[in-house]
Amino acid sequence: MVRANGAVSLRELARVVQTSEVTVRRDVRALEAEGLLDRRHGGAVLPGGFTRESGFPQKSHLASAEKTAIADLAAGLVGEGEAVVVGAGTTTQELARRLARVPGLTVVTNSLLVAQALAHANRVEVVMTGGTLRGSNYALVGSGAEQSLQGLRVSRAFISGTGLTAERGLSTSNMLSASVDRALVQAAAEVVVLADHTKLGSDTMFQTVPTDLITRLVTDEPPPHEERAAAELQALADQGVQISVAGSHQPPAEAPPPPGAAGGRSGAVRRDMPLPGQRRTVHGAPPPGGPQLRGTTGPGALGEQLGERGRVADLRRR
């Protein structure tokens, strides 16, 4: 009925299937958890552009090489004995596989895939939230998951999403997933977003983390033709987000990973944009604008005395 009409009321559904509105409301909630429709007050609607979400089998094959490079770089941020939270997603699943090598680590997660990746890791403790299983991404969602995170405090949260813009921050297509991700973020002192370049500049329905709460973005190098993604990186940096860019064909960064960290593959290149209050200078002169993208393997700053097109072009070359 939703596919035929675009929207339907709970009362009409109850009449057609000859059951109570309470039963219909429960079933509609389950269908929304599967991404088949979206609930509205008193009814349900067909998912549209802002709410459409691919299932796990489709997402697992998208930008797989980029996700691997991002996971390699992000794993280097975690040291021995830390406690972190890791959200659901295909990129965070890749990260979990690398965190299995960090001794003394405690990982709190609502993702069955993350837990599975760490199930046989020596000296890694896995703590799972409660909640209702959302089959499309193998994540636990709902009030049970959110309540189990109350009172928790860890060093970092690693989360992903469907879209990332400088204006709204991280967003996702499902209301239940967004709510749990917000609870994960509230439990962490720092928030690290893992997002490949295909998500940069995309905006989806439910905001997860506003830009001012994102400590660091770990992403991959946008292709030369992706000017929107490059411009979005610069905009995020201008708002104080630290940017770490992973590239598969560049020399490794000179700085080694933190002691006890999982480390990354030799192809992972790390570049950082400083947070506010950490402005860098070039040859003793103050920077002309906001945070500058600096390579760890050579001098130079992104966008110095350049216009918007120059900044984008320079980021693309780097």
Side-chain angles (χ1 to χ4, degrees), residues 56-57 59-61 63-131 133-135 137-141 144-145 148-160 180-181 183-196 215-216 218-220 244 246 248 252-270:
F56 172 77
K59 289 191 289 187
S60 63
H61 296 294
S64 58
E66 290 84 350
K67 292 173 182 177
T68 297
I70 290 169
D72 285 337
L73 188 53
L77 300 173
V78 182
E80 181 177 348
E82 282 195 55
V84 299
V85 295
V86 180
T90 53
T91 310
T92 53
Q93 180 188 23
E94 289 295 328
L95 171 64
R97 290 170 177 156
R98 288 145 183 83
L99 294 182
R101 301 191 293 267
V102 182
L105 185 66
T106 300
V107 176
V108 181
T109 185
N110 69 318
S111 170
L112 297 186
L113 298 176
V114 169
Q116 183 183 39
L118 294 167
H120 301 291
N122 293 327
R123 298 179 61 191
V124 175
E125 182 178 1
V126 180
V127 179
M128 294 206 67
T129 69
L133 178 63
R134 182 168 182 252
N137 65 346
Y138 301 95
L140 296 172
V141 297
S148 65
L149 294 166
Q150 292 180 1
L152 180 70
R153 193 62 174 171
V154 299
S155 59
R156 293 184 185 88
F158 292 90
I159 62 172
S160 188
V180 175
D181 282 349
L184 291 171
V185 166
Q186 290 173 1
E190 297 182 0
V191 178
V192 181
V193 171
L194 311 181
D196 63 78
T215 307
R216 182 186 298 270
V218 183
T219 186
D220 61 294
S244 296
S248 58
E254 294 178 0
R265 297 180 181 178
S266 60
V269 176
R270 178 169 167 177

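Ser160 meets the side-chain hydrogen bond (donor to acceptor under 3.5 Å, both in side chains) test with Lys199; sequence neighbours excluded.
Taken to the nearest 0.5 Å, the CG atom of Leu105 stands 10.0 Å off from the CD atom of Glu80. One distance of note links OG1 of Thr106 with CG of Leu99; it measures 11.5 Å at 0.5 Å rounding. In this structure, Asp220 CG and Ile70 CD1 are separated by 4.5 Å, a value rounded to the nearest 0.5 Å. Taken from OG1 in Thr109 to CG in Leu118, the straight-line distance is 8.0 Å, to the nearest 0.5 Å. Within the model, atoms CZ of Arg101 and CZ of Arg123 stand 15.5 Å from one another, a figure rounded to the nearest 0.5 Å. Note that CG of Leu184 and CG of Leu152 are 8.5 Å apart. Values are rounded to the nearest 0.5 Å.
Smallest separation of non-hydrogen atoms from Ala189 and Arg153: CA-NH2, 3.6 Å.
Considering only heavy atoms from C-beta on, Gln93 stays 4.5 Å or farther from Ser111 through its side chain. Using a 4.5 Å heavy-atom cutoff, the side chains of Val102 and Val124 are not in contact. In this structure, Val84 and Ser155 have side chains that are in contact, with non-hydrogen atoms separated by less than 4.5 Å. Side-chain contact check for Val107 versus Val127: every heavy-atom pair is 4.5 Å or farther apart.
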Checklist line | side chain to side chain contact (heavy atoms under 4.5 Å, CB included) between Met128 and Leu112, worked out | finding: CA-CA 8 Å; Met128 294 206 67; Leu112 297 186; 3.5 Å; yes

Checklist entry - Given Thr68 and Arg98, is the side chain to side chain contact (heavy atoms under 4.5 Å, CB included) satisfied, shown in steps? => result CA-CA 10 Å; Thr68 297; Arg98 288 145 183 83; 3.2 Å; yes

Side chain to side chain contact (heavy atoms under 4.5 Å, CB included) evaluation trace for Leu77 with Glu190
CA-CA 11 Å; Leu77 300 173; Glu190 297 182 0; over 6 Å; no

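Judged purely by atom type and a 3.5 angstrom limit, Asn110 uses its side chain to pair as donor or acceptor with the backbone of Leu140. Between the side chain of Thr215 and the backbone N or O of Val192 there is no donor-acceptor pair closer than 3.5 Å.
Tested against Thr91, the residues Ile159, Val218, Leu194, Thr219 include a single side chain to side chain contact (heavy atoms under 4.5 Å, CB included) partner, Leu194. Checked against Val114 for a side chain to side chain contact (heavy atoms under 4.5 Å, CB included), the options Leu95, Val108, Thr92 give a single hit: Thr92.
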